[in-house]
Amino acid sequence: MIFLFLLLAITAFLIGFVLGTASYKPSSAKKIKYDDDYARIQKEYENFLNYDGTEQQ
């Protein structure tokens, strides 16, 4: 019985090892497209960080 469990564990390990080392083609990373008005977004973010909680008019 113990021999059967050891055989099963070794078999599971070997199957996982073979599947893990199988060659595969990694997916190509998509390039980030930057927004044209980066300055506007940067200014909005700067305003967000500088907000002190006072009521806006």
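Count residues from 1 along the sequence.
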Flag if over 12 foreign heavy atoms under 6.0 Å of OH, Tyr51 = yes
From CG (Leu6) to OG1 (Thr11), nearest 0.5 Å = 10.5 Å
Give a yes or no on whether Ile10 and Phe13 share a hydrophobic cluster (residues Ile, Leu, Val, Met, Phe, Trp, Tyr; joining criterion: side-chain heavy atoms under 4.5 Å apart).
-> yes
Distance col, row Asn47:CG vs Gln42:CD, nearest 0.5 angstrom, shows 11.0 Å
